[in-house]
Amino acid sequence: QVHLVESGGGLVPAGGSLRLSCAASGRTFSSYAMSWYRQAPGKEREFVAAVSRGAGTTRYSDSVKGRFTASRDNAKNTLYLQMNSLKPEDTAVYHCAAAMSVGIVTTSSQCDYWGQGTQVTVSS
């Protein structure tokens with residue numbers, strides 16, 4: 001089992017930056033494909049970014065491509081999401097998730113473990 005805890009959320013003006021972290025404990029972090037999802041009030045959860053087990057492959061939603069960068073440090077058991085040029089529409093609760101998968105995971109139904117989420121609010 002993997003326990004995930006996100007941090008780094010907060011209130012930022014449009015155009016600003018934040019870096020989210022997701023600390024993992026439990027079984028071997030490097031065994032899991034990791035991904036980020038977000039859910040805004042009244043909306044369905046949506047995929048944001050994903051990183052393969054060895055960090056060699058990343059994938060992004062069209063809405064964040066070019067602005068967000070996902071990475072991981074397997075030695076520190078931590079997943080990151082660097083968010084630049086933030087927009088009000090990026091406001092949401094951001095969750096990290098782990099999937100026991102060889103390949104990259106971009107679908108929430110494939111994820112086995114979830115963090116509790118961290119709130120990101122971008123003011124206009």
Side-chain angles (χ1 to χ4, degrees):
Q1 187 165 346
V2 174
H3 183 58
L4 303 173
V5 179
E6 302 95 336
S7 61
L11 174 64
V12 62
S17 298
L18 281 174
R19 188 172 87 150
L20 305 183
S21 298
C22 171
S25 61
R27 300 185 67 177
T28 307
F29 178 67
S30 59
S31 299
Y32 293 87
M34 299 297 296
S35 46
W36 289 98
Y37 299 83
R38 67 187 182 187
Q39 187 166 19
K43 295 186 177 181
E44 293 187 355
R45 182 168 53 195
E46 65 171 344
F47 166 75
V48 176
V51 186
S52 61
R53 294 193 304 184
T57 303
T58 55
R59 193 82 45 86
Y60 301 93
S61 68
D62 288 343
S63 61
V64 307
K65 197 174 297 181
R67 300 188 297 122
F68 291 12
T69 303
S71 61
R72 64 190 295 167
D73 185 337
N74 286 342
K76 295 183 178 180
N77 288 355
T78 305
L79 172 73
Y80 303 100
L81 184 67
Q82 178 66 45
M83 305 187 296
N84 298 329
S85 302
L86 283 161
K87 305 175 181 180
E89 51 263 44
D90 294 319
T91 295
V93 176
Y94 284 70
H95 298 267
C96 62
M100 183 62 78
S101 172
V102 174
I104 202 163
V105 172
T106 61
T107 305
S108 59
S109 61
Q110 293 180 273
C111 298
D112 300 299
Y113 302 101
W114 292 84
Q116 84 290 346
T118 185
Q119 176 71 48
V120 171
T121 303
V122 184
S123 61
S124 57

### Query
Same cluster or not: are Val5 and Val2 linked, directly or through other Ile, Leu, Val, Met, Phe, Trp or Tyr residues, by side-chain heavy atoms under 4.5 angstrom apart?
no
### Query
Do Tyr80 and Val120 share a hydrophobic cluster, counting only Ile, Leu, Val, Met, Phe, Trp and Tyr and linking them when any side-chain heavy atoms are less than 4.5 Å apart?
no
Using the side chain to side chain contact (heavy atoms under 4.5 Å, CB included) criterion, which residues pair with [X]? Sequence neighbours excluded.
| X | value |
| --- | --- |
| Ser108 | Tyr37, Arg45, Trp114 |
| Glu89 | Lys87 |
| Gln82 | Ser17, Arg19, Thr69, Asn84 |

Does the side chain of [X] reach to within under 4.5 Å of the side chain of [Y], using non-hydrogen atoms?
| X | Y | answer |
| --- | --- | --- |
| Leu79 | Trp36 | yes |
| Val12 | Met83 | no |
| Phe68 | Leu81 | yes |
| Met100 | Tyr32 | yes |
| Ser21 | Lys76 | no |
| Glu6 | Leu20 | no |

Of all heavy-atom pairs between [X] and [Y], which one has the smallest distance, and what is that distance?
| X | Y | answer |
| --- | --- | --- |
| Ala14 | Pro88 | CB-CD, 4.1 Å |
| Val105 | Ala99 | CG2-CB, 3.7 Å |
| Asp90 | Arg67 | OD2-NH1, 2.7 Å |
| Ala49 | Ala70 | CB-CB, 3.9 Å |
| Thr106 | Ala50 | CG2-CB, 4.2 Å |

### Query
Within the side chain of Thr28, is there an N or O that forms a donor-acceptor pair under 3.5 Å with the backbone of Ser30?
no
### Task
Flag yes if more than 12 heavy atoms outside Glu44 fall under 6.0 Å of its CD atom; otherwise flag no.
no
Approximate separation, where rounding is to 0.5 Å, of [X] [atom1] and [Y] [atom2]:
| X | Y | atom1 | atom2 | answer |
| --- | --- | --- | --- | --- |
| Thr78 | Met34 | OG1 | CE | 9.5 Å |
| Cys22 | Tyr94 | SG | OH | 15.0 Å |
| Phe47 | Ser63 | CZ | OG | 9.5 Å |
| Ser52 | Arg72 | OG | CZ | 7.0 Å |
| Ile104 | Gln110 | CD1 | CD | 11.0 Å |
| Thr91 | Arg38 | OG1 | CZ | 9.0 Å |

### Task
Say whether Ser109 and Thr107, considering side chains only, have a donor N or O and an acceptor N or O under 3.5 Å apart.
no
